[in-house]
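Both counts, for ligands and for their atoms, begin at 1 and track the order of listing. If you read the sequence from its start, that first residue is 1, and numbering goes on from there. Below, each value reflects all heavy atoms present in this structure, side chains not excepted, and no hydrogens, waters or symmetry copies.
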Amino acid sequence: MSIDFAVTTGGPTLPQERRLVTAIPGPRSIELQARRTQAVSAGVASVLPVFVVAGGGGVLIDVDGNSLIDMGSGIAVTSVGNAAPKVVESVARQAAEFTHACFTVTPYEGYVAVCEALNELTPGDHVKRSALFNSGAEAVENAVKIARAYTHRQAVVVFEHGYHGRTNLTMGMTAKNMPYKHSFGPFAPEIYRVPMSYPFHDGLSGAEAAAHAISRIDKEVGAENVAAIVVEPIAGEGGFVVPAEGFLPELVEYARANGIVFVADEIQTGFCRTGAWFACNHEGVVPDLITTAKGIAGGLPLAAVTGRAEIMDAVHAGGLGGTYAGNPVACAAALGAIAEMRAAGLDAAARRIGELMLPRLHALAERSGRIGDVRGRGAMTAVEIVVPGTKDPDPATTAAVAGACHAAGVVVLTAGTYGNVLRFLPPLTMPEHLLDEAMTVIEDAVTALG
Ligand SMILES: Cc1ncc(COP(=O)(O)O)c(C=O)c1O
């Protein structure tokens, strides 16, 4: 059966409005969902089964003609907006020239230009090198490979509530069992998990939380065995957990003192999302290696590891790469997305989004006993939903609020080890009137529960 798409072009010219013309999901989405069930593995789930035909600015258009407010950016990817003109132009030009050569066979300039941009934009003014990959998980795996080759050590330290991907090594590095790890073991060895700073629950200062984590590394692993400490500057899938000030700098100091490679996983937090180019910038943290993906290329698959030249160059020639790693079309998309972020000042746009959202979320928390904590930076904000009067997670209420937002035409995502965090990741191109409307829908969904 063929579907007659009502809207065939996206980008910022789409009307920036929330408009529901059917129930959510509508009849055409339901038809497609039936086809999908017959064709697509049941192991691949979707948050909201509306089938998208266009997107741009702050909206997603579905196959029934509904215009939804996008508060998820495809999980922090379309920070420059969907079908952003600079990305589209750059991709179209590159696709017409050549779509693939394989950088490890015959190189091309776009790959080098993306690495130059990453070396310039990432924290620290030391000499850097980069290598490109296809997905965030692949970048994290390669950061571990590089750290092991450099240190000649094996142990990898990760954190509670951490998320690093779905490949075998990164599943092992990820904290949460369901749905990411359950029934998929055994996992790779030499991964050690220590406590993350989680101010709402542990009540510790950054220095205290770091001392706790470091003592665990010393006692259970031994600093001299550790190749890498891998940490998200804000734990993303784990619930937008912002560590207490000082936690990350203390870990960096410990890593430096012990010859450990400090890896910041900025796959979700990077590229202007938190109001700075990278979340490490907020505390002046300079990682040895940084992993990036998601927001880097405006929606095309690209990822990178960037870091100190002596560490990145410690790997033997041919040790890094992949058939599609740093594909020319994805590189062109990244160059377009980076140009757009620079031209439009999207770091400032993210800060503005935070300034608009956080006071309203705090006011909502004042009115509703169901919100235990409000947190985040820039355009990466969240509320943690609890049983009123306690800090106990309430995943059922969280799912109910998300469901009410979806039904009202606002795409929100959940997160958290306990599934009780509502997280907000609007495109940084979201017009203020739409953000305002999305906030009203979210507020209504929370207050309707009493
Ligand atoms: C912090 C972090 N690391 C790694 C990943 C894995 O990235 P990908 O899904 O591109 O493999 C994600 C994805 O959500 C992430 O948020």
For atom 15 (C) of ligand 1, state which one of Leu302, Thr167, Ile267 supplies the nearest heavy atom. Ile267
So which heavy atom in the protein is nearest atom 7 (O) of ligand 1, and how far is it from that ligand atom? Gly136 CA, 3.3 Å
Return yes when Glu266 approaches ligand 1 closer than 4.0 angstrom through a heavy atom, no otherwise. no
Do we get Lys176 above Tyr163's six-membered ring, with its NZ or CZ under 6.0 Å from the centre and within 45° of the axis? no
Any protein heavy atom at under 4.0 Å, with atom 3 (N) of ligand 1 as the reference point? yes
Does Glu237 approach ligand 1 within less than 4.0 angstrom via side chain, backbone, both or neither, non-hydrogen atoms only? side chain
Quick test of your reading of the model: are Lys391 and Asp373 salt-bridged, counting only N-O distances below 4.0 Å? no
Against heavy atoms of Glu232, which atoms of ligand 1 measure under 4.0 Å? 1 (C)
Salt bridge present between Arg273 and Glu232 (N-O < 4.0 angstrom): no
Relative to Phe187, does Lys181 satisfy both conditions: NZ or CZ under 6.0 angstrom from the six-membered ring centre, and within 45 degrees of the ring's axis? yes
In the protein, which heavy atom is nearest to atom 11 (O) of ligand 1, and how far is it? Ala137 N, 2.8 Å
Near Ser135 (heavy-atom distance under 4.0 Å), the atoms of ligand 1 are 10 (O), 11 (O)
Any salt bridge between Glu160 and Arg193, counting N to O under 4.0 Å? no
Whether Glu237 and Arg423 form a salt bridge (side-chain N of Lys/Arg under 4.0 Å from carboxylate O of Asp/Glu) is what I want to check. yes
Does a donor on one side chain sit under 3.5 Å from an acceptor on the other, for Glu384 and His201? yes
For Asp265, take its heavy atoms, then give the atoms of ligand 1 lying under 4.0 Å from any of them. 1 (C), 2 (C), 3 (N), 4 (C)
Is a donor from one side chain sitting under 3.5 angstrom from an acceptor on the other, for Glu141 and Thr167? yes
Give the residue and atom name of whichever protein heavy atom lies nearest to atom 16 (O) of ligand 1, and the separation in Å to one decimal. Gln268 NE2, 2.9 Å
Starting from atom 13 (C) of ligand 1, find the nearest protein heavy-atom neighbour and note its residue, name and distance. Lys294 CE, 3.2 Å
